[in-house]
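Only one structure is covered here, and it is reproduced in the block below.
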2 protein chains.
Amino acid sequence: MMMANRERLLLAARELFLEQGYDASVDAIIGRAEVARQTFYNHFKNKESLFAEVVRDCFLDVLAPLNGHTDNLQQSLMSFAEIYRQRVLNPESIAAYRILSGQALRFPDLVREVYALGTGQMTERLADFLRKAMDEGHIRHADPVFAAELLLAMAVGQERSQRLFGIPCREEDEQLKIKQVVDGFLRMFAS
Amino acid sequence: MMMANRERLLLAARELFLEQGYDASVDAIIGRAEVARQTFYNHFKNKESLFAEVVRDCFLDVLAPLNGHTDNLQQSLMSFAEIYRQRVLNPESIAAYRILSGQALRFPDLVREVYALGTGQMTERLADFLRKAMDEGHIRHADPVFAAELLLAMAVGQERSQRLFGIPCREEDEQLKIKQVVDGFLRMFAS
DNA sequence: CTTAGATTAGACTATCCAGTCTAGTTTTGT
DNA sequence: ACAAAACTAGACTGGATAGTCTAATCTAAG
């Protein structure tokens, strides 16, 4: 059962880090995991290494799928944008973003790594997809990375900031917003 | 000279909070301000009230000017976007964003207030401007708040995230990027 | 000059925290 | 069954921190 305790610690730490940030104490974590102090240090070198492991997990959940077909751009991009928004705007992702950006000075390498695994990879994927669509003449030729970053930014709009800062968002028609964004994007890059 | 010490404390606290977040210690702050411990507590009830005051200052610096003329939309929006980017992406603003979002759970009211003063007001101004442009037929009618939030998001793109996470940004032609964003935006909302 | 308010240095309390260590108990593999 | 590994509770160290308090010094106004 060695793994059971390790998993309990990871789960408890994930919850507490997301709630309280890196300041969540080791005492609190072992308390929630219902595990002895020594057990914690059997499984992890120190608090930092536990944090690194938790954070790596969290940010892999951001990756949104993108079907490779460029024949129906509007539909592909809309379903991509919808899933991306879900992944990126849910409370857990927001908390992870908050904590990670807050620790960017303390753990610069970890934070860069995790960003590369999440948003970085997502940008690359989308850029590849858009490059293909450009080559096939569905949209105008332009820097695909620029276009990808632009679409990602448009898809989340100000909502990430609002959620990060605890601003109550006016509820809106999710689908309509996504359609407006994608249609607008396609009009920007119409060939 | 009573005010001198207060100002020294505010300045030192601003520097240290931006560097180290809310964890910057009172000792460090009075040390940098070269002021005695008791003096600190003469001027501020506690650390939290100093933090609130510092943070309110920082976020007022975000407001970007927007000339009221809708006759040359491209030019107005480009100069607006340029200044907005400068204000929002400079290292101090990034640090402020990091700290503020990190303290959103601890000081929810303060954080909401400061967001409303900064980005919130900026969104309103831009939305008013766009509404006017819509009414005058320069761009298509649409929800002006949605359009404003979209333009703000497009103007910063992924760069805020990259800077928050310490990702080295590929240097690009600032002006070209701004032009592409504004032109794209105008094509989206062409009447 | 005198006095009141501001300032100084620094001691002090009370709390919290990460990480180590001890000693006794349970689980696991063989 | 037995030994090794894992676990438990909890004490302990060393260090940091916010805020209070004291007593001495400085400054400015009357």
Would you list the atom pairs, donor with acceptor, under 3.5 Å between side chains in residues 119-126 of chain A and any protein atom, with sequence neighbours excluded?
unit_1, atom_1, unit_2, atom_2, d
A:T123, OG1, A:T119, O, 2.8
A:R125, NH1, A:A64, O, 3.1

Under 3.5 Å donor-acceptor pairs involving side-chain atoms of residues 98-106 of chain A, not counting sequence neighbours:
unit_1, atom_1, unit_2, atom_2, d
A:R98, NH1, A:L164, O, 2.4
A:S101, OG, A:Y97, O, 3.2
A:S101, OG, A:R98, O, 3.2
A:Q103, OE1, A:R106, NE, 2.9
A:Q103, OE1, A:R106, NH2, 3.4

I'd like a table of donor-acceptor pairs (distance under 3.5 Å, sequence neighbours excluded) in which one partner is a side-chain atom from residues 25-32 of chain B, with atom names and distances.
unit_1, atom_1, unit_2, atom_2, d
B:S25, OG, B:A28, N, 3.0
B:D27, OD1, B:R37, NH1, 2.7
B:R32, NH1, B:E15, OE1, 2.7

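In this entry the distance linking CZ of A:R8 with C1' of D:dA6 reads 14 Å, nearest Å. Rounding to whole angstrom units, CG of residue A:L50 and P of C:dG19 are separated by 10 Å. As a whole-Å value, the separation of A:I30 CD1 from C:dA18 C1' is 11 Å. One can place CG of B:L16 at 15 Å from C1' of D:dT17, the figure rounded to the nearest angstrom. The CZ-P distance, from A:F44 to C:dA18, rounds to 15 Å in whole Å. Atom CD in B:E34 sits roughly 17 Å away from atom C1' in C:dG10 (whole-Å rounding). Atom pair A:E7:CD and D:dC7:C1' shows a separation of 17 Å (rounding to whole Å applied).
A salt bridge (charged side-chain N to carboxylate O under 4.0 Å, His left out) check over residues 133-147 of chain B, counting only residues at least two apart or in different chains, returns the pairs A:R170-B:D143.
Residue A:N5 has no polar side-chain atom (N or O) positioned under 4.0 Å from OP1 or OP2 of D:dA6. Remark: A:N42 is in phosphate contact with D:dC7, judged by side-chain N or O atoms under 4.0 Å from OP1 or OP2. The shortest distance between the side-chain N/O atoms of B:T39 and the OP1/OP2 oxygens of C:dA6 is not below 4.0 Å. At the phosphate of C:dA6, neither OP1 nor OP2 sits under 4.0 Å from any side-chain N or O atom of B:H43.
Under the ring-ring contact (aromatic ring centres under 6.0 Å, His included) criterion, B:Y115 pairs with A:F165, sequence neighbours left out.
Rounding to the nearest 0.5 Å places CG of B:L77 at 6.5 Å from CG of B:L130.
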Indicate for each nucleotide in nucleotides 18-24 of chain D, in 5' to 3' sequence, whether protein heavy atoms under 4.0 Å reach the base (B), only the sugar-phosphate (S), or nothing (-).
BBBB---

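Note: B:F80 and B:Y84 have parallel aromatic rings, judged against thresholds of 30 and 60 degrees for the angle between ring planes.
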